[in-house]
Amino acid sequence: MSLVQYTKKRNFKDTPEPSKHGSKEVSKKALTFVIQRHQASHLHYDFRLEMEGVLKSWAVPKGPSLNPNDKRLAMMVEDHPYDYGSFEGEIPKGNYGAGVVEIWDKGTYEHISIKDPVEGNKQLLKDLKNGSIKIVLKGKKLKGEFALVKMKGDKPANSWLLIKHNDQYATHDAYNSEDYTPIHSPVTKAAKKKVK
Ligand code: MN
């Protein structure tokens with residue numbers, strides 16, 4: 001529930017990112033998710049799941065995949081406010097995460113076996129603590145079952161893996177999320193500028 005870290009890292013006089021300190025109530029109709037494509041010091045994807053009125057967040061360097069053989073590293077980062085889910089735009093130089101953000105996919109999601117969002121939210125918080133989350137995504141690009149599993153052993157404590165389950169939405173061809181991004185997207189433009 002804490003947006004303290006989020007707030008600490010940002011100067012809202014200088015960044016257009018949402019400045020809300022509080023969180024909203026759990027969505028009663030359906031929990032929401034968003035994936036933002038973010039050209040900061042490195043291009044990455046931010047995977048965010050609504051839980052307890054905020055967005056639990058993971059940075060996924062290689063982007064999500066619909067191929068169950070891919071285990072995509074997902075570094076858990078600070079909670080973001082619910083309103084961040086609709087944020088797109090430029091974070092000015094000198095600010096945390098400076099660069100360009102665009103929404104790559106969004107939609108609703110459910111706990112894998114609990115359809116009710118309020119009950120699902122409760123279980124998801126337990127699953128989060130236990131380091132194993134199983135969900136069903138209903139996005140435009142990402143659909144079906146996914147798992148987020150915390151890595152054990154010698155890894156940094158915030159290391160998780162994002163894995164597609166084998167279902168009707170899975171693919172067994174190579175999957176690169178960059179192939180599903182419009183060529184003229186603002187983030188792609190920013191990334192090209194950076195290469196020059
Ligand atoms: Mn980011």
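Along the sequence shown, the residues carry numbers beginning at 1.
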- Can you name the nearest heavy-atom pair linking V54 to D79, along with the distance? CG2-OD2, 3.7 Å
- Query: How far apart are the closest heavy atoms of P92 and T15, and which atoms are they?
  - Reply: CD-CA, 4.0 Å
- Message: Just verifying a value: how many Å separate H38 NE2 and I103 CD1, rounded to the nearest 0.5 Å?
- Response: 13.0 Å
- Message: Could you tell me if H172 and N166 have a donor-acceptor pair between their side chains, going purely by distance under 3.5 Å?
- Response: yes
- Could you tell me which non-hydrogen atom of W160 sits nearest to which non-hydrogen atom of N158, and how far apart they are? CD1-O, 3.3 Å
- Query: Considering residues, nucleotides and ligands other than K138, do more than 12 of their heavy atoms fall under 6.0 Å from its NZ?
  - Reply: no
- Message: Against the six-membered ring of F146, is K164 placed for a cation-pi contact (under 6.0 Å from the centre, within 45° of the normal)?
- Response: yes
- Message: Let's go through Y45 and W58 carefully: what are the C-alpha distance in whole Å and the side-chain angles of both, what is the deciding distance for side-chain contact (heavy atoms from CB on, under 4.5 Å) to 0.1 Å, and is it a yes or a no?
- Response: CA-CA 8 Å; Y45 288 68; W58 289 261; over 6 Å; no
- Message: Can you see whether W104 engages S177 through a side-chain donor-acceptor pair at a distance of less than 3.5 angstrom?
- Response: no
- May I ask you to decide if the ring planes of Y84 and H80 are parallel, tilted or perpendicular, using 30° and 60° as cut-offs? perpendicular
- Got a salt bridge between D127 and K134, using NZ or NE/NH1/NH2 to carboxylate O under 4.0 Å? no
- Is it possible for you to say whether L66 and F33 belong to one hydrophobic cluster, with membership spreading through side-chain heavy-atom contacts below 4.5 Å? yes
- Item | Hydrophobic cluster membership, L125 vs Y82, 4.5 Å side-chain cutoff | no
- If you look at every heavy atom in P64 and L162, which pair is closest and at what distance? CB-CD2, 4.0 Å
- Could you tell me whether K8 and E78 have a side-chain N and a carboxylate O separated by less than 4.0 Å? no
- Message: Taking E50 first and then K56, would you say they form a salt bridge - that is, a charged N and a carboxylate O separated by under 4.0 Å?
- Response: no
- Query: Under 4.5 Å between side-chain heavy atoms, hopping through other hydrophobics if needed: is there a path connecting L148 to L124?
  - Reply: yes
- Provide the closest heavy-atom pair for V118 versus K28 in the form atom of the first, atom of the second, distance. CG2-CD, 4.0 Å
- Message: Distance check, rounded to the nearest 0.5 Å: L55 atom CG versus Q36 atom CD?
- Response: 8.0 Å
- For K143 and Y169, does a side-chain donor sit closer than 3.5 Å to a side-chain acceptor? no
- Could you pull out the closest heavy-atom pair between S159 and M75, with the gap in Å? OG-CE, 3.7 Å
- Query: Are K115 and E119 within salt-bridge range, i.e. N to O under 4.0 Å?
  - Reply: no
- Item | R48/D46 ion pair, N-O < 4.0 Å | yes
- Message: As an exercise, state the distance from OG of S65 to CG of N176, rounded to the nearest 0.5 Å.
- Response: 9.0 Å
- Sidechain N-carboxylate O distance under 4.0 Å for R10, E17: yes
